[in-house]
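Proteins get letters first, then strands, A, B, ... in listed order; numbering begins at 1 in each. All values reported here derive from a predicted model rather than from experimental measurement.
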Amino acid sequence: MTVRNRAGHTGTLRTFGPGYLRATSLRAMEYDFKAIEAKWRAKWTEQETYRAEEVVDRPKYYVLDMFPYPSGAGLHVGHPLGYIASDVIARHKRQCGFNVLHPQGYDSFGLPAEQYAIQTGQHPAITTEQNIARYRSQLDLLGFSYDWSREVRTSSPDYYRWTQWIFARLFEHGYDHAAGKARPIAALVDVLAAKGNKELDWAVGDDTLKEAGTVLWGDDFDGAFSADQWNVLDEAGRSSILMAYRLAYLADSEVNWCPALGTVLANDEVVGGLSERGGHPVVRKKMRQWMMRITAYADRLLDGLDTIDWSDSIKEVQRNWIGKSTGAQLRFAIQDHPDHHIEVFSTRPDTLHGANFLVLAPEHELVDAITTDSQRATVSAYQQETAARSERERMAGDRGVTGCFIGAHAVHPLTGDAMPIWIADYVLAGYGTGAVMAVPAGDQRDWEFAKAFDLPIPPIFEGHDIDSGAESDKQSVLCNSGDWNGLTCNAALPRAIAETEAAGFAKPRVNFRLRDAVFSRQRYWGEPFPICYVDGIPQLIEDEQVLLPDVDAYLPTETGDPPLARAEQWNVSRGDRMEYNTMPGWAGSSWYFLRYMDPHNEDAFCDRVKSDYWGQVDLYVGGAEHGTGHLLYSRFWTKFLFDLDLIGFDEPFAKMINQGMILGRSSFVYRIEGTNRFVTFEQRKDHRTQRLHVDISLVKNDVLNLEGFKAWRPEFADAEFVLNDAGEYRCGNEVEKMSKSKFNVENPDDLVERYGADTLRCYEMFLGPLEQAKPWDTQGINGVHGFLRKLTRLYRDADGNALITDGLPSAEAERALHKTIKKVTEDLDRLSWNTVVSALMIGVNELTELGCHDRAVLQPLSAIVAPYAPHLAEELWEACGGNGSVVDAPWPKWDADKLVESEVTYPVQFNGKVRFQFAVAADAAPADVEAAVLADERTGKQLQGRTPKKVIVVPGRIINIVG
RNA sequence: GCCCGGAUGGCGGAAUUGGUAGACGCGCUCGACUCAAACUCGAGUUCCAUUGGAGUGUGGGUUCGAGUCCCACUCCGGGUACCA
C-alpha cells in the first residue's frame with residue numbers, strides 16, 4: 001500500500017503569493033519544523049541536556065571543532081559544515097553509551113577587532129563581544145549539542161591568565177636532549193655552577209649564547225665556558241646566558257616585519273612575502289623579540305606524526321615544514337686565510353669528489369673578510385642588489401641565475417685543489433650554514449649555476465652525460481671518486497660520512513628547516529606578557545595577574561613603542577617598565593582543548609584528574625589551512641606540558657578530519673565596456689564586455705530580476721538591458737570561493753527560516769564527502785526537506801493525527817529497518833557522513849512503500865535519525881512514546897537474522913556479460929546453484945550447444961559462465 | 001619543479017574485500033490534480049541503434065570478471081619551493 005494522504009487538501013488550501021511561502025504553509029500541518037525546532041531547543045536548554053560531567057566508570061569520547069575567530073561578517077553555509085559533522089558524531093557516540101565532551105568557544109584575540117578599534121576608537125572587547133553574540137545566535141539555530149557551560153574565550157582574563165602561566169613555565173624551562181624532555185632552568189643553573197656548559201646537551205640558541213658570551217668574556221668566546229667563569233657572573237650576566245637556553249626567550253633576530261600591520265609575524269603567517277592577513281608586504285628586520293624554541297622539539301614533532309591518525313597530506317605538510325635532513329657538515333680551509341674556514345652542510349657528502357666550487361649566501365658573515373680587493377666593488381654591488389630584490393623576486397617567481405665571484409679560493413679537503421668561492425642568492429643565509437659545496441654533476445641548481453658562469457662540471461657518475469643536467473639518482477655508480485669508485489651513491493654515503501669524519505674535516509649532522517617561532521606582536525589585542533624589566537633584565541610577574549590595560553589609542557607611541565606603552569599607570573607598576581608586546585594569535589589556541597576539560601578551575605589550567613579522564617581529543621574537525629601554524633604549535637605545547645607531567649599524553653589530537661571548502665556559485669552580468677548597456681549571457685561575446693558580479697539572491701535559474709538589480713545598484717537604474725529571445729536577461733555563472741565580495745554567499749539563517757535546521761544539517765552532510773571541496777547548490781535542499789517530510793508522514797497524517805500502531809511488523813518492514821540500521825551504523829563508524837543520509841532516504845522510501853506504521857520499526861528509526869535531525873527525531877521519538885530524550889536513546893543494533901532473505905537473485909553472466917537474472921534458494925550450496933543454472937533453459941539458449949569451460953559461482957554475488 | 005589529492009550521466013555524488021557501474025538527491029521529460037500555474041503525487045531519465053552494442057580521463061596489461069589491481073601518459077584541484 002502506498003501512503004497517499006494529500007488528496008483533498010490541495011483544493012482547500014489554495015492561496016496566492018510567492019511560491020515557496022505557499023509551499024511552506026501547505027506543509028506546515030504535517031511537518032511544522034518551526035514549531036518543532038523551537039519546542040525542542042527550549043527543552044534542551046531548560047533540561048541542560050548537553051551538559052557534560054566527568055563520569056569515571058563510563059568511557060569518554062572527546063569530539064572537538066576548531067574554535068572560530070568571531071569575525072563581524074557572521075556565518076555562511078560553509079562555516080557550519082564541520083560543526084554539523086562533529087555534532088553528528090558527538091550525538092552518535094552519546095547514543096552508543098559514551099560520555100561525550102563536545103564543547104565550543106572563541107579564538108577571540110586577533111587583528112580584525114583591533115583594526116576596527118584603530119578606525120573607530122571602539123574597544124576591541126566590545127566589538128568582540130558583539131561578534132560573539134552574533135555567532136552564538138547563529139550557532140544556536142542549528143541545534144548543536146555543545147555544552148556551552150564549558151565555553152572558553154581566549155581574550156577572557158580567566159582564560160589568558162593560564163596562557164600567561166604556560167608562557168611562564170616555558171620561560172622557566174629549557175630542553176635537555178640527553179633527558180629527551182624539558183627541564184627547569186634551575187636544574188641547568190646547578191649544572192653550570194658545577195661544570196660549566198661543556199658537557200651540556202641542552203637545546204641552545206648559538207647566536208644568543210655567542211653574543212652574550214662575547215660581551216662577558218671577549219671576542220674569542222667559542223661557545224663553551226667553565227664553572228668558574230659562570231660562578232663569577234652577576235645577575236645580568238647569568239640572565240643573558242640563560243636566555244640562550246630558555247624555551248621562551250628574548251633574542252635579537254631577523255624577523256618578518258609588516259609595516260602595514262605594525263607588527264612582526266611568524267613564518268607561517270607570511271605567505272609568499274605577504275602577510276597572511278591582509279596581504280601586506282613583509283620585510284626582514286633585526287629586532288629584539290620573544291621567541292619559542294620549538295626547534296628543540298623538532299624530532300619529537302616529526303616522530304609523533306606516526307602515532308596520530310591525520311590525513312597524509314597534512315602530515316606531509318608538517319614533515320616538510322620541519323624539514324629534517326641528515327648528512328654531514330664539512331669544513332673547507334680558505335687559501336691565504338688560515339684563521340678562517342667555511343662550514344658547509346651537505347646531504348650528499350658521497351659526491352664530494354665532484355665539488356669544485358663553494359657558494360655562500362650573499363649575507364654570509366665571512367664574505368667581507370675574504371673578498372679580495374679587486375672583487376670588493378662588484379661583490380658589494382651584488383649584495384645590495386640581492387638585498388633590495390629578494391622579496392619582490394620571490395613573489396614574481398622569476399629565477400634567473402645570478403651570482404658573483406669573490407676572488408677567494410677554498411681548498412678541496414681530499415684533493416687539495418683550489419675551489420673558487422662565489423656568492424649567489426640561491427643559497428639562503430637562514431638554512432644550514434648559509435654555504436654550500438657546489439657539485440654541478442649532482443645537483444641541478446649547482447649545474448645551472450656552473451653552466452651560467454661557465455664553470456667546469458667534473459663528471460663523477462658512470463655513464464652520465466654531463467651536458468644533460470645533474471644526476472640525482474642515488475642508484476648511480478660513482479667514478480672519479482677515489483676509493484668510492486664503483487660504489488652506488490647509496491652505498492658510498494655512509495662511508496663518505498664515516499671517512500670524512502675520521503679524516504677530521506667533517507662531522508655527521510642533522511639539519512632542520514624548522515625555525516624558532518617569533519612569539520611577540522606589537523599589537524594591543526592579545527595576551528599581555530607576565531613580564532617586567534628590572535635593569536633591563538626580564539622578570540616574571542607571578543604573584544598577580546597582568547591584565548590588558550586600557551589605552552587612549554590602539555596605535556604605537558610616538559617613539560615607536562607598541563600600544564601597551566601608552567598605558568601610563570600600568571607600565572610603571574613593576575620594575576622599570578612592563579613588557580609592551582603582546583602574544584600572537586596562536587598562543588591561546590595552542591592549549592584551549594585542555595581548558596574545556598576544566599573550564600572554571602581557578603587553581604590550575606586544568607586539573608590532572610580531569611585531563612586524565614578526558615584525555616586526547618578523539619576526533620578533531622577543522623580546516624586544513626592550519627597545517628604549519630596552530631596544529632604544530634598546539635602539538636609543541638602539548639609535548640611541553642607532558643614533559644612537565646601536567647598532562648598524561650603528548651599528542652593533542654588523536655584523529656583529525658579536515659573538511660573541504662564549500663564553494664559558491666557566482667552570477668554575472670555583462671556590461672559593454674564604457675557604456676551603460678548590459679547584454680544577456682548569450683550575446684556577451686558579440687561585444688567587448690566587462691563581467692560584474694551580481695547578488696545571487698537576484699538571480700533565479702540564471703535569470704536576472706531586473707527590478708531587483710536596479711534597486712540593488714542604483715547607479716545602473718537607468719541602464720539598458722539587452723534581453724535574449726525569451727525576453728529574459730540571462731546571467732553567466734562560475735563556481736568560486738564563497739565570499740561576501742563575490743555576492744555568492746548563502747546564509748544559514750535564511751535556509752533555517754525556510755526549511756528548518758534539521759533540513760540544513762542533513763543537506764550539508766548530503767552534499768558529498770566531508771573532506772572534498774564542493775559547490776553549494778540551494779536547489780538541491782528541496783530533496784532533503786522532502787525526505788524529512790516523508791519521514792514525518794510515517795508517524796502522523798497531514799492533519800497531525802498519529803498513525804503509529806502496535807501490530808507486529810512485517811518481515812519486509814523489519815528487513816528495511818535493520819538494513820538501514822546496519823548501513824547507518826557502519827557508515828558513521830567510517831565517517832562517511834554523506835552516504836548515511838542516502839541510506840536513511842532509502843529506508844524511509846521502503847517503509848513508505850510498505851505502508852509501515854509500526855511502533856517497533858518507527859521508534860528505532862527515530863533514534864538513528866537523531867544525530868542528523870535532532871529536533872524532528874525528538875518529536876518522533878516522543879510520538880512513539882519513547883522514554884526521555886532521543887539524545888540518550890540507545891543506538892539500535894541490527895539483527896543479522898532479520899536481514900536474511902529466503903531467495904537470492906543472481907545475475908548470470910556469459911563471458912562477463914549479464915544475460916539474465918536467476919532466483920535460487922539463499923541456502924543452496926554453490927554446486928547446487930551451478931547445477932540449477934546450467935539446467936535452466938536460458939542457459940542453453942545462451943550457450944547454443946557450446947560446453948561451458950568454466951562456471952564461477954560467487955555465493956550471494958554473481959554467476960559467470962565461460963564458454 | 002616537488003609533494004598530496006582527484007577525474008564516474010546534464011549536475012552533486014554512490015559502488016567499503018576485484019563480482020549486475022550510475023545507489024540517493026537535484027535537474028529534465030511525460031502523466032495525474034488544476035480554468036491555469038505553483039505545490040503535491042506517479043512514471044521515465046548513461047549514451048547510441050527497432051532484438052543489440054558501447055561505456056567510469058587516455059593507451060596498454062593481469063583476471064572467468066577491473067571504476068577498483070599493475071605499467072605508461074593526459075588533464076584538474078590543493079599544498080609548497082632556490083632547504084644544499
Side-chain angles (χ1 to χ4, degrees), chain A residues 2 4-7 9-11 13-20 22-27 271-272 311-317 319-321 323 325 327 344-348 359 393-394 397 399 401 424-428 430-439 442-446 448-449 511-513 624-625 627-628 660-661 701 763 766-769 771-784 786-787 789 826-827 830 832 834-835 837-842 845 905-914 917 948-952 954 956-963:
Chain A
T2 307
R4 290 196 185 94
N5 49 18
R6 299 211 38 75
H9 291 279
T10 47
L13 286 173
R14 212 179 330 128
T15 52
F16 297 91
Y20 74 81
R22 256 177 299 142
T24 310
S25 64
L26 195 68
R27 291 165 189 157
V271 179
S311 73
D312 288 338
S313 61
I314 210 151
K315 284 189 186 184
E316 205 54 31
V317 165
R319 286 197 187 99
N320 290 339
W321 187 260
S325 43
V344 153
F345 173 70
S346 173
T347 55
R348 296 294 304 278
V359 188
E393 282 261 310
R394 213 181 288 170
R399 209 177 306 143
V401 179
D425 62 0
Y426 82 88
V427 176
L428 305 177
Y431 182 78
T433 60
V436 302
M437 64 176 205
V439 183
D443 183 290
Q444 190 62 27
R445 292 158 305 178
D446 298 343
E448 278 162 17
F449 193 82
N511 202 46
F512 290 93
R513 197 189 89 110
E625 66 273 19
T628 53
M661 209 190 316
N701 294 330
Y763 185 55
F766 185 64
L767 285 174
E771 302 192 69
Q772 207 167 292
K774 43 207 169 269
W776 180 263
D777 169 22
T778 298
Q779 268 187 327
I781 202 169
N782 277 312
V784 177
F787 150 67
R789 211 161 56 237
E826 289 176 348
D827 284 1
R830 67 186 174 100
S832 176
N834 55 324
T835 53
V837 182
S838 306
L840 291 169
M841 285 173 169
I842 294 168
N845 287 345
T905 301
Y906 282 95
V908 182
Q909 294 185 334
F910 287 82
N911 298 320
K913 292 192 198 311
V914 179
Q917 302 289 320
K949 289 183 190 129
K950 199 171 180 181
V951 179
I952 292 129
V954 183
R957 290 275 187 189
I958 204 166
I959 299 166
N960 192 5
I961 299 171
V962 187

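- Here Asn960(A) lies in heavy-atom contact (under 4.0 Å) with a base.
- Salt bridge absent: Glu448(A) and Arg445(A) never bring a charged side-chain N and a carboxylate O closer than 4.0 Å.
- Nucleotides rG22(B) and rU46(B) are separated by 9 Å at their P atoms, to the nearest Å.
- Here, rG18(B) and rG27(B) have their C1' atoms 34 Å apart, quoted to the whole Å.
- Place Asn834(A) and Gly434(A) on RNA chain B by their nearest nucleotides, and Asn834(A) ends up nearer the 5' end.
- For Lys913(A) and rU20(B), the shortest distance from a side-chain N or O to OP1 or OP2 is not below 4.0 Å.
- Using a 4.0 Å cut-off, some side-chain N or O of Arg445(A) falls inside it from OP1 or OP2 of rC83(B).
- Between Ile958(A) and Asp443(A), the residue anchored nearer the 5' end of RNA chain B, judged by the nucleotide with its closest heavy atom, is Ile958(A).
- The side chain of Gln772(A) contributes an N or O atom lying less than 4.0 Å from OP1 or OP2 of rG13(B).
- Look at the C1' atom in both rG79(B) and rA72(B): the space between them is 26 Å, to the nearest Å.
- One finds a side-chain N or O of Lys950(A) lying less than 4.0 angstrom from the OP1 or OP2 phosphate oxygen of rC64(B).
- Looking at heavy-atom distances under 4.0 Å, Val359(A) makes no contact with the nucleic acid at all.
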